[in-house]
Number of protein chains: 2
Amino acid sequence: MRARYLTIKDYILDQIEIGVWRASDKVSSENELAQKFSVSRMTARKAVDTLCSEGTLVRSQGLGTFVADRRPVSSLLEIHNIADEVVGRGHDYTCRVIKLEEILTDKSAANLLEMSEKQNVYHSILVHLEDNIPVQYEDRLVNPKHAPDYIHQDFLAQTPNAYLSIVAPLTEADHIVEALVPSKTILSELDSDQPCLKITRRTWSRRGIASIAYLYHPGDRYRLGGHLQF
Amino acid sequence: MRARYLTIKDYILDQIEIGVWRASDKVSSENELAQKFSVSRMTARKAVDTLCSEGTLVRSQGLGTFVADRRPVSSLLEIHNIADEVVGRGHDYTCRVIKLEEILTDKSAANLLEMSEKQNVYHSILVHLEDNIPVQYEDRLVNPKHAPDYIHQDFLAQTPNAYLSIVAPLTEADHIVEALVPSKTILSELDSDQPCLKITRRTWSRRGIASIAYLYHPGDRYRLGGHLQF
DNA sequence: TGTCTAGTCTTGTATATACAAGCAATATGA
DNA sequence: TCATATTGCTTGTATATACAAGACTAGACA
């Protein structure tokens with residue numbers, strides 16, 4: 001052995017990095033690690049545990065522990081609530097309510113919300129501003145079953161997202177991000193003539209789809225960013 | 001107690017869901033849980049451990065365990081390797097190498113890669129095609145220290161991302177996503193005149209920044225999508 | 001009143017032990 | 001030869017124990 005390792009975790013990571021253990025290879029057993037580092041099996045196991053929950057290793061009862069197949073290099077991007085994001089930057093957040101109404105689902109809305117046609121849903125359009133400059137145009141449909149008081153909310157005080165996450169704790173979400181030039185109405189509300197980032201976000205609570213939001217960000221003024229560890 | 005819980009984990013999650021324990025509230029101590037469920041402290045601790053690593057609870061030595069502040073409603077978006085994505089859709093993936101060279105860092109490149117100026121770095125430009133239609137223009141800088149053979153790779157056989165993830169296992173990444181109209185050169189390579197999604201991706205290995213990539217996707221032909229549970 | 005100290009509760013860490021359960025190679029028996 | 005049982009290794013789970021270390025409280029003391 002060329003070096004003494006401070007932790008079992010580092011030792012395992014190094015072996016993988018150096019290439020001694022490659023994807024799908026078997027790693028030293030818990031007992032071997034315990035002996036090698038002169039610790040009890042439970043201690044060695046804990047190190048392996050951590051690496052498993054981080055996705056680096058995979059266990060198989062009776063067989064052993066293996067280096068995980070590095071998942072198809074995918075990484076993650078965080079999508080924040082716009083209000084939190086603006087405030088987080090230390091800027092001034094305000095919001096303009098363009099529309100707040102109760103409408104009947106047409107075919108497409110019914111499909112998207114997984115409801116039947118001609119049902120009541122809430123519809124809101126808001127513009128979010130950072131230091132009085134528009135940064136997001138939000139067009140949202142809400143299933144009243146999950147948020148019956150949605151229409152009576154004061155969105156100047158609390159964003160739809162914040163409200164929804166309280167009345168119907170979100171369990172899932174999916175997103176589609178695209179680049180496009182939106183309609184003139186939207187562009188004028190955003191006070192922009194640039195291509196926009198459009199984020200389509202569907203959120204689930206435990207009882208089904210809670211809401212669908214179309215979020216438009218002016219491309220010259222907004223970036224979606226995120227830093228994450230694997 | 002109204003119900004018997006199968007697991008300590010379920011019990012804690014239910015208490016949080018019901019609202020007995022709210023964000024920042026103190027949760028029963030490990031000893032209390034152990035007593036309540038007639039198990040040893042280590043067993044109770046393991047349940048709490050799991051919920052901690054999932055981000056539901058937060059521990060503080062000497063103080064106790066607390067319900068985590070549900071992070072400012074943020075959710076996650078997966079960013080895949082383009083080749084995997086195309087193949088995953090069952091389509092035909094090909095790749096065109098526009099440039100593959102060794103250059104000296106100028107000021108901005110040096111900054112981005114956290115190197116000094118006038119150092120050797122690798123530079124590659126590739127266009128990725130799905131069923132012979134361009135879907136990504138990739139402009140990449142690579143730190144030779146992390147991938148000395150980068151320049152000799154055959155990227156028709158293996159994408160840069162795939163290669164890099166083998167020679168320098170990635171530990172971190174950050175992304176910036178924006179919408180813009182790229183340069184004419186890029187547009188012509190992408191055979192498009194539409195606004196594009198531009199993804200700037202920096203990847204780290206354990207020894208530092210390994211690579212910076214600028215990925216351009218034609219907005220009318222590409223969406224970034226993801227579905228994730230919280 | 002203010003300060004230090006001791007005690008107690010919390011999480012953090014490590015150990016030794018025991019047995020269950022999954023898997024595979026080997027030995028056994030018909 | 002082939003099916004079955006045994007053995008040994010692996011991970012999975014649970015327990016009892018011990019002590020370290022952080023955070024707070026109450027009491028002693030000046």
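Basis for what follows: all heavy atoms, side chains included, without hydrogens, waters or symmetry-related copies. Sequence lines set the chain letters: A, B, ... in the order given, protein chains first and strands last, and positions in each chain run from 1.
Salt bridge annotation for Lys46(A)-Glu30(A): absent, with no cationic side-chain nitrogen under 4.0 angstrom from a carboxylate oxygen.
Whole-Å rounding puts the Leu57(B) CG to dT11(C) P distance at 11 Å. Per the geometry, CZ belonging to Arg59(A) stands 18 Å off P belonging to dA21(C), to the nearest Å. Separating the CZ atom of Arg45(A) from the C1' atom of dT13(C) is a distance of 17 Å, rounded to the nearest angstrom. Rounded to an integer number of Å, the gap from Asp49(B) CG to dT13(D) C1' is 14 Å. As rounded to whole Å, 17 Å separates atom C1' of dT13(D) from atom CZ of Phe37(B). Atom CD1 of Ile8(A) and atom P of dT13(C) are 13 Å apart (whole Å).
Here the side chains of Thr50(A) and Lys9(A) are in contact, with some heavy-atom distance below 4.5 Å. A heavy-atom distance below 4.5 Å is found between the side chains of Arg202(B) and Ile209(B).
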N/O to N/O distances under 3.5 Å, protein versus nucleotides 3-8 of chain C:
none

Could you encode protein contacts along nucleotides 15-23 of chain D as a string, one character per nucleotide from 5' to 3', using B for base contact, S for sugar-phosphate-only contact and - for no contact, with a heavy-atom cut-off of under 4.0 Å?
BBBB--BBS
Counting only pairs under 3.5 Å, give me each side-chain donor-acceptor contact of residues 122-130 of chain B, with atom names and distances, residues two or more places apart or in other chains.
| from | atom 1 | to | atom 2 | distance (Å) |
| --- | --- | --- | --- | --- |
| Tyr122(B) | OH | Pro148(B) | O | 3.0 |
| His123(B) | ND1 | Glu101(B) | OE2 | 2.7 |
| His123(B) | NE2 | Asp139(B) | OD1 | 2.9 |
| Ser124(B) | OG | Tyr150(B) | OH | 2.7 |
| His128(B) | ND1 | Tyr93(B) | OH | 2.6 |
| His128(B) | NE2 | Glu138(B) | OE1 | 2.6 |
| Glu130(B) | OE1 | Arg89(B) | NH2 | 2.9 |
| Glu130(B) | OE2 | Arg89(B) | NE | 2.9 |
| Glu130(B) | OE2 | His91(B) | ND1 | 2.5 |

Going through the distances and angles, do Phe37(B) and Tyr11(B) end up as a ring-ring contact (aromatic ring centres under 6.0 Å, His included)?
CA-CA 10 Å; Phe37(B) 286 86; Tyr11(B) 167 73; 5.3 Å; yes
